[in-house]
Colleague: 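Below: one structure in structure tokens.
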Amino acid sequence: KHQGKPVYLEGEWNFYPYQLILPGQSQGESMMPLSVPGTWNQKLGTGLGYGTYRLRIPSPNGPLKDKIFGLKVHDMATAFTIYWNGKKIAETGVVAKHKEEAKPSYLFHLVPLIWNQGENELIIHVSNFHHDKGGMWEPPLFGEWEALQKLYLRDIASSLFLAGAVFIIALYHLGLYYWRRIDRGNLLFGLAAIVLSIRTLVTGERYIFNEYESVLTWDICLRIEYFTFYLSPYLFFAFFKAFYPRYYPNWMTWSLLTPTIIFLGLLFFSSTTFFTSTNPFFNIVLLYGIIIILQGVFRAVWNREEGSILFSMGISVMAIATLIDILNAYQILFSIEAIPVGIFLFILIQSLTLSRKFSRTFSEVETLSKRLLAMDKLKDEFLANTSHELKTPLNGIIGIAESMFDGIGGSLNGEQRQNIGMIISSGKRLASLVDDILDFSKMKNRDLNLELRSINLQQVTDLVIVISRPLFL
């Protein structure tokens with residue numbers, strides 16, 4: 001029917017609760033139909049337990065009968081073993097009837113299949129003692145072997161590309177914050193982008209689980225996944241608050257930060273079974289965070305704040321992607337994982353918004369710089385003109401005072417000579433300051449010639465004492 005194209009084996013499977021039926025054994029008495037994708041929680045009343053999934057697949061006819069088919073199996077909750085026509089072909093974790101013997105794992109498998117004539121039997125043992133939900137929450141992907149391999153390589157390449165692109169953008173904004181600490185928006189955006197980059201690697205193709213689970217353990221990898229889940233809403237809220245603080249009062253901050261801290265505490269100090277069971281409650285917190293972020297952004301759009309339209313587009317895309325994944329998590333909807341697409345579009349739109357803001361800021365700085373240079377030029381011209389205007393009366397004052405000192409108007413007593421001497425000294429000192437201003441203008445224009453010569457320190461000291469004497473008498 002699908003001509004070898006990959007297709008998910010979704011629909012009703014035969015399920016045998018609390019039985020691990022091996023190939024060739026009788027089917028048991030408690031068989032029930034169970035929808036895949038889905039969990040067995042509603043059927044068994046709990047997510048903890050074990051069981052057997054069975055499906056019969058007819059062998060292909062026509063030109064497809066000589067083709068090699070394969071099976072791509074994503075993670076299940078939380079350990080599984082696969083049998084094809086009586087032969088074990090894949091195993092992830094350790095399937096067991098008791099928690100002490102079971103070992104969880106999210107490693108995926110891509111295995112080729114050998115057809116038998118007629119019907120072929122696919123049996124999957126699943127056990128779960130470490131997660132709130134149990135069962136086959138993602139259906140196996142079945143199809144022609146080469147097509148499956150190409151699809152896998154495309155998916156893993158897309159996941160790594162997205163994570164790498166988001167991480168580079170995060171480093172860029174953290175670098176901007178490092179050089180300009182006053183702008184907290186860059187810091188918050190960089191941290192949020194790093195969290196989203198890590199989340200891309202622990203969900204979807206679960207690259208971190210497949211590559212590092214043997215080193216970090218499944219428990220730590222799962223806690224990293226939920227850490228990014230719990231932290232994301234508050235980081236986004238803080239990022240938007242940094243841009244539009246008047247739309248996000250402090251009570252909103254604490255109303256979102258408090259449950260975030262509580263759930264992070266549960267993440268670090270409770271078992272995986274317990275904190276995964278709190279997902280419905282955190283989803284309420286997540287929806288609340290989305291609502292208060294959206295209200296602030298839409299109010300900013302209404303008031304025509306700078307960059308608010310692009311911000312509203314980005315957060316709307318992210319909100320829609322989040323809602324789709326929540327529906328997927330509760331098996332209300334089964335579609336592609338929307339969060340990676342939402343992350344990419346959100347980061348792209350927000351980067352455009354910040355780039356636009358920086359561009360406008362840079363243009364304003366350029367304009368101000370030109371104005372400051374023009375004003376600086378006017379200041380230099382004013383000083384030069386004023387200095388020339390000051391020197392003319394100063395030279396006249398000094399000349400008249402020197403003539404009086406020399407006795408042109410009659411003889412002077414000692415006190416009069418001293419006072420006129422102070423006028424001459426002060427006038428020359430003021431003339432020297434005017435010359436210094438002119439020299440400063442010449443120095444800015446690189447037109448100053450220095451003349452080095454020795455000075456009499458005693459004369460300079462005596463002059464300072466004479467000028468300063470009225471101040472302390």
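In what follows, residues are counted from 1 in the order of the sequence shown.
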Colleague: Is a donor on one side and an acceptor on the other found under 3.5 Å between the side chain of Ser197 and the backbone of Ala193?
Modeller: no

Colleague: Applying side chain to side chain contact (heavy atoms under 4.5 Å, CB included), can you list everything that pairs with Ala300, at least two apart in sequence or on another chain?
Modeller: Tyr244, Tyr247, Glu305, Ser308

Colleague: Set out, in order, the CA-CA distance, both residues' side-chain angles and the distance that settles side-chain contact (heavy atoms from CB on, under 4.5 Å) for Lys97 and Leu20, then state yes or no.
Modeller: CA-CA 9 Å; Lys97 298 181 179 181; Leu20 298 179; 4.0 Å; yes

Colleague: Has the side chain of Asn120 got a donor or acceptor atom that lies under 3.5 Å from a matching backbone atom of Gly118?
Modeller: yes

Colleague: Taking it one step at a time, do Lys72 and Glu205 satisfy salt bridge (charged side-chain N to carboxylate O under 4.0 Å, His left out)?
Modeller: CA-CA 11 Å; Lys72 180 185 178 184; Glu205 295 300 313; 3.2 Å; yes

Colleague: Is it the case that the side chain of Tyr8 and the backbone of Pro140 share a donor-acceptor pair, with hydrogens and angles ignored and the cut-off at 3.5 Å?
Modeller: no

Colleague: Quick check: closest heavy atoms across Ile194 and Ala170, and the distance to 0.1 Å?
Modeller: CG1-CB, 3.5 Å

Colleague: Can Tyr53 and His125 be said to form a side-chain contact (heavy atoms from CB on, under 4.5 Å), step by step?
Modeller: CA-CA 6 Å; Tyr53 289 85; His125 293 169; over 6 Å; no

Colleague: Strictly distance-based, threshold 3.5 Å: is any side-chain N or O of Asn210 a donor or acceptor partner for the main-chain N or O of Leu107?
Modeller: no

Colleague: Testing the basics here: between Leu222 and Thr276, what is the closest heavy-atom pair and its distance to 0.1 Å?
Modeller: CD2-CG2, 4.2 Å

Colleague: Would you kindly say whether Trp137 and Asp75 are connected by a side-chain donor-acceptor distance under 3.5 Å?
Modeller: yes

Colleague: With rounding to the nearest 0.5 angstrom, report the CD to CZ distance, Glu91 to Phe80.
Modeller: 9.5 Å

Colleague: One pair to check against side-chain contact (heavy atoms from CB on, under 4.5 Å): Tyr152 and Phe108. What are the steps and the verdict?
Modeller: CA-CA 11 Å; Tyr152 164 69; Phe108 91 101; 3.1 Å; yes

Colleague: If I compare all heavy atoms of Met76 with all of Val126, which pair ends up nearest, and what's the gap?
Modeller: SD-CG2, 3.8 Å

Colleague: List the steps, then state whether side-chain contact (heavy atoms from CB on, under 4.5 Å) holds for Thr52 with Ile123.
Modeller: CA-CA 7 Å; Thr52 300; Ile123 292 178; 3.6 Å; yes

Colleague: Describe, in one word, how the ring planes of Phe275 and Tyr226 are oriented to each other, choosing from parallel (under 30°), tilted (30 to 60°) and perpendicular (over 60°).
Modeller: perpendicular

Colleague: What is the ring orientation for Phe229 with Phe282, classed by angle as parallel under 30°, tilted 30 to 60°, or perpendicular over 60°?
Modeller: perpendicular

Colleague: Do other residues, nucleotides or ligands put more than 12 heavy atoms under 6.0 Å from the CD atom of Gln117?
Modeller: no

Colleague: Is there a donor-acceptor pair closer than 3.5 Å between any side-chain N or O of Ser271 and the backbone N or O of Phe274?
Modeller: yes

Colleague: So which heavy atom on Pro17 is nearest to which on Leu44, and how close?
Modeller: CB-CD2, 3.5 Å

Colleague: With a 3.5 Å cut-off and no angle check, do the side chains of His109 and Thr92 form a donor-acceptor pair?
Modeller: yes

Colleague: With a 3.5 Å distance limit and no angle check, can you tell me whether Glu213 reaches the backbone of Tyr106 through a side-chain donor-acceptor pair?
Modeller: yes

Colleague: Short question: side chain of Asn41, backbone of Gly134 - any donor-acceptor pair under 3.5 Å?
Modeller: yes

Colleague: Could you tell me which non-hydrogen atom of Leu256 sits nearest to which non-hydrogen atom of Pro233, and how far apart they are?
Modeller: CD2-O, 3.9 Å

Colleague: Can you establish whether the number of heavy atoms outside Leu257 located under 6.0 Å from its atom CG is more than 12?
Modeller: yes

Colleague: Answer yes or no: are there more than 12 heavy-atom neighbours, outside Gln42 itself, under 6.0 Å from its atom CD?
Modeller: no

Colleague: CG of Leu294 to CZ of Arg299: how many Å apart, nearest 0.5 Å?
Modeller: 13.0 Å

Colleague: Where does the angle between the aromatic ring planes of Phe129 and Tyr50 fall among parallel (under 30°), tilted (30 to 60°) and perpendicular (over 60°)?
Modeller: tilted

Colleague: Ignoring hydrogens and geometry, is there a side-chain-to-backbone donor-acceptor pair from Trp13 to Leu9 under 3.5 Å?
Modeller: yes

Colleague: What distance do Trp84 atom CH2 and Leu122 atom CG have between them, rounded to the nearest 0.5 Å?
Modeller: 6.0 Å

Colleague: Is the Phe239 to Phe243 ring centre distance short of 6.0 Å?
Modeller: yes

Colleague: Are the side chain of Arg184 and the backbone N or O of Ala242 linked by a donor-acceptor pair below 3.5 Å?
Modeller: no

Colleague: Any chance you could measure Ile21, atom CD1, to Met31, atom CE, to the nearest 0.5 Å?
Modeller: 9.5 Å

Colleague: Take atom CZ in Arg371; do more than 12 heavy atoms of anything else shown fall under 6.0 Å from it?
Modeller: no

Colleague: Answer with yes or no whether the side chains of Lys241 and Asn250 bring together a donor and an acceptor at under 3.5 Å.
Modeller: yes

Colleague: Rounded to the nearest 0.5 Å, what separates atom CZ in Phe237 from atom OG1 in Thr253?
Modeller: 4.0 Å

Colleague: Return yes if a side-chain donor-acceptor contact under 3.5 Å exists between Tyr288 and Ser255, otherwise no.
Modeller: yes

Colleague: Are the side chain of Thr200 and the backbone of Leu196 linked by a donor-acceptor contact shorter than 3.5 Å?
Modeller: yes

Colleague: What distance separates Lys67 NZ from Glu146 CD, expressed to the nearest 0.5 Å?
Modeller: 6.5 Å

Colleague: Taking the six-membered ring for Trp, are Trp145 and Phe69 ring centroids under 6.0 Å apart?
Modeller: no

Colleague: In a check of side-chain contact (heavy atoms from CB on, under 4.5 Å) between Val202 and each of Phe209, Tyr207, Tyr212, which one passes?
Modeller: Phe209

Colleague: Taking all non-hydrogen atoms of both residues into account, name the closest pair between Ala90 and Val111 and its distance.
Modeller: CB-CG1, 4.3 Å

